[in-house]
Amino acid sequence: MIASGASAGATMPGYDFGAIESKWQKYWDDNRTFVQPNPGAPDFVDKPKLYVLDMFPYPSGAGLHVGHPEGYTATDIVCRYARMKGYNVLHPMGYDSFGLPAEQYAVEHGVHPARTTDDNIANIERQIKMFGFSYDWSRRLATTDVKYYRWTQWIFLQLFNSWYNPETNSARPIGELVDYLESGQLVLDFFGNAVTPPYGEDVAAVVGTQADTVRFTDLDDDQKRQVIDAQRLAYVDEVPVNWCPALGTVLSNEEVTNEGRSDRGDHPVFRRNLKQWMLRITAYCDRLLDDVDALDWPESVKIMQRNWIGKSQGAEVTFPIDGSDEIIDVYTTRPDTLFGATYMVLAPEHPLVGAITTDDCRPAVRDYVRAAAGKSELERTADAKEKTGCFTGAYAINPVNHEKIPIWVADYVMMGYGTGAIMAVPAHDTRDFEFARKFDLPIVQVVGPPEGVDWQGYVGEGTAINSGKYDGLPTAEFKRQITESLEADGAGRFATNYKLRDWLFSRQRYWGEPFPIINCSKCHSVPLNPGDLPLELPEIDDFSPAVSDDPDAPPSPPLGKVADWLNVLCPTCGGEAKRELNTMPQWAGSCWYYLRYLDPDNDSDFCDPEIEKYWMGPSRENPIGGVDLYIGGAEHAVLHLLYARFWHKVLYDLGHVTSPEPFGKLFNQGMIRSFAYRDPRGVYVGYDDVDLSGDKPVQKSTGAELSESVEKMSKSLKNVVNPDDVIAEYGADTFRLYEMFMGPLDASKPWNTRDIPGMHRFLRRAWRMVAGDEDSDGNVTEPLIGGGRDEDIERELHKLIKKVGEDYDALKFNTAIAALTEFVNAVYRAGSLAVDQAERFLLLLAPMAPHICEELWSILAHEKTLAYEPWPAFDEAMLAVDTIELPVQINGKLRGRITVDADATNDQIIQASKADPKVAAAIEDKEIIKEIVIPNRMVNLVVK
RNA sequence: GCCGGAGUGGCGGAAUUGGCAGACGCGCGGGAUUCAAAAUCCCGUUAUGGCAACAUAGUGUGGGUUCGAGUCCCACCUCCGGCACCA
């Protein structure tokens, strides 16, 4: 019968969402409801595990926008559902709190970034907690915590102290490399800084015959150090960077505008070579590429990862230079077009430019190269419409037909890809074609396109022509044969290239992880001992970097001002030395936070191995292992996910983690956009000045008609929706439900505040159904429970249990809500509901709207939280129906409906169809040529 | 330019993947309740024609496959996201 709480008093409890939500949030907190013990803890119960992760937020001063809770709500539903299904659920939250905005605020206002960060975290955490998410807050972390970044530094040391062994195809301790070199198992190749594996069993013989290889033991100590340092996964190299002298720092490509200026402050940015820390992510190209296939990720993200790595296969071809000993190596994916190479192009930065340019051409080439150097890479591609270039006066010899072809310099060739030089085949490459037309260079056809396609500029595959003995070969076969032939002549070889480059890992900023490195003039980069970590950021008063108008002035990071921090003694030689002044980029902290959640307070290890094994191990749903569900925005489809995968694989190789991949399943929530309004002059108008009551939106203050569009939320468009306001007016449960009801989780959707009352009404109806209500005038609505048990409702409930469970599994929350709404509507029509039916309904709704369900659950005389109640079961037999209604089509057009027994035979169904009056009329004096019965779906009669 | 994704009522979106187009919600219309309003409850709501039963059209455009197409194929248009001289 009805629970005493609902029937006893004269007054019905109303749906006071504000009171209910704070009550239950306090209850969960006080009772540690969602604290999940680790294996090994006394209260740990061995059950299947589920690790559900949100992309942690950057704690910006603006706080949460409505896009954040979309993903957080989805994961929360999955977690609450999984607990009811009997899983141990790991669901943590933290903050990606290093980063530029807090530091920039410090520069401008003198407030320490740590203080800004703490304030912002406090605010954003307050906002997150309003939603009642079931996070295990005992695992909270921030990347700026010393206890956290100590281990970020530790992982950096792992990278520094490792090299990539191509034999084992994995990262190995650097000591193994030293052993191989000292024992002669490995030697040094032509470049002196790389290491080659032995060419044969007898290394000594190889060293003897190959003039270009060197024995490690023949080197002096400094040379040895250089060789070793050049193999580390973290290494220092001089690389081209976006250098902004006014801000005193390098900028990532994302921080540089199309005009080649800094995103912040609009200062000029220069391309410049600087010594920087690099991470050897390129060693992992093939594994990062191959392992993508098996991941349960959106196909679009997998494609983006593959494109970013950008593997291509082709050949390297060596072109001799006419009248010179120099040679030019080019990379091409189309060695089959070699006979059509009518000129060559060097990138402006190519080292041979100076050496081969003739005196006549020197002034023009020098001017061209200098102009190119001043442009950023983005700027170069921005004015890509017009090709530019300059003839060097030199000629190369095409190795296949021995023709003399001119060598040009042009900035459409990039130094960073391939060899920085190309053979140009204008007939079959769009860029070369444009260039050749502009500079009037010869265009020779060597590929026969399909019928009706112009050969000029044809870049597809075809049949070879004008290619000597290769004429008639299809492209693929030609590529193989000519590369083999070049290889035999020593003029070329098969080659593979990647777009992915090593990761520029240092920034000249204060608010980041300091490198655990000491620079000594004698011993160079000396790592700290892991036991000496953490290396804390020193206190500092003035956060401004040294700014300069001189683009060639040396960088001087803020840490350089802290004399008592930076001046140290070298741990190796005891001489005077200085700490590394660069800090790590913001990506560093987010590369491994999912691992620290597992064991956040561990002071002796980044994570206990047993705990790691339990949470990151494979499961039935996630055979690869790693996080079982990772939800976040698509903006991280490439960099964050690629960097994290890279670090994870290094840790995997070194035996620190058990899964080869960090995130088994990934899901991208769609972007929530919102309406933006503009007045007739095109000025954006904020929501408080927009009147939507009429047909057209109108500006309240002026009466002007406004134009409406759907845009990304942004301050400048005045269309940002603040979750605090919505929760204050309707409550967190309504907010959660609304965001889940808007549409598919992965679709981009427009926020429409006018739709929110619909979800709020649904919750009120659910409330009245179970608890009744009394309005301000004292009008009492009795609850529907207690009126008796309706068997049709029971059947509906079993269908609902099945549907909602399936939808939760598939993250289809919008249709789950629709089904729950239909059920409530059906109960209102039926007019009664049994208590046990109400209870099961509440358990179904609880993952999405937990506060109201907890309160109604307690009104139904339950003392404990419903969070760990078993998920309701459904009975297949209850889903079966006696009769079904089938539509009957004539020639594919709906003409009637019949009702038949669920187990009716096809013959019976056809008979019943023909007996239907409307159908009978339609087929009268027609000949039936086909009768189609689709079981449980429909009937189609084809007539003539 | 290349690679993804998407176009369905006034609006957000459903449609067991080839089988009753428009579930559910918003908005709108009507009714009940109310002195009245709000709230609530019930009914209706793709368009056109018709009092109606019903008929015809209909899922971005044009073609095609099929007994049957929102769903599959071909060509195109528009919007969103990503990459962008990658040789």
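All values reported here derive from a predicted model rather than from experimental measurement.
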Problem - Phe735(A) and its ring-ring contact (aromatic ring centres under 6.0 Å, His included) partner, picked from Phe17(A), Trp751(A), Phe741(A) - result: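 Single pass found, and it is Trp751(A).
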
Can you see if the side chain of [X] gets near the phosphate of [N] - specifically, an N or O under 4.0 Å from OP1 or OP2?
X	N	result
Asn825(A)	G25(B)	yes
Arg768(A)	C41(B)	yes
Lys812(A)	A15(B)	yes
Arg761(A)	C26(B)	yes
Arg754(A)	G25(B)	no
Tyr417(A)	A87(B)	yes
Asn814(A)	A14(B)	yes

Practice task
Scan Pro757(A) against the nucleic acid and name what it touches under 4.0 Å (heavy atoms): base, sugar-phosphate only, or nothing.
Solution key: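 If one applies the 4.0 Å heavy-atom cut-off, Pro757(A) turns out to touch nothing in the nucleic acid.
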
Exercise for the section: May I ask you to decide whether Lys438(A) forms a salt bridge with Glu434(A), counting only side-chain N to carboxylate O separations under 4.0 Å? Expected result: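 No, no charged N to carboxylate O under 4.0 Å.
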
Practice task
Could you tell me whether Asp296(A) and Lys302(A) have a side-chain N and a carboxylate O separated by less than 4.0 Å?
Solution key: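 Salt bridge: no.
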
Handout entry: Letter per nucleotide, 5' to 3', of nucleotides 51-60 of chain B [B base touched, S only sugar-phosphate touched, - untouched; heavy atoms, 4.0 Å]
Key = ---SSSS---

Measure the distance from [atom1] on [X] to [atom2] on [N] and round it to the nearest whole Å.
X	N	atom1	atom2	result
Glu635(A)	G4(B)	CD	C1'	17 Å
Asn940(A)	C20(B)	CG	C1'	12 Å
Tyr458(A)	G1(B)	OH	P	19 Å

Problem - Contiguous pairing runs of three or more, Watson-Crick or G-U under 3.5 Å, that involve RNA chain B - result: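 Stem list for RNA chain B: B:1-7 with B:77-83, B:10-12 with B:24-26, B:27-32 with B:40-45, B:46-49 with B:54-57, B:60-64 with B:72-76.
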
Practice task
Give a yes/no verdict on a cation-pi contact between Lys311(A) and Tyr498(A), requiring under 6.0 Å between NZ or CZ and the six-membered ring centre and an angle within 45° of the axis.
Solution key: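 Judged by the rule (NZ or CZ under 6.0 Å from the ring centre, within 45° of its axis), Lys311(A) is not positioned above Tyr498(A).
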
Practice task
Classify the side chain of Asp755(A) and the base of C26(B) as holding, or not holding, a donor-acceptor pair under 3.5 Å.
Solution key: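 No, the side chain and the base share no sub-3.5 Å donor-acceptor pair.
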
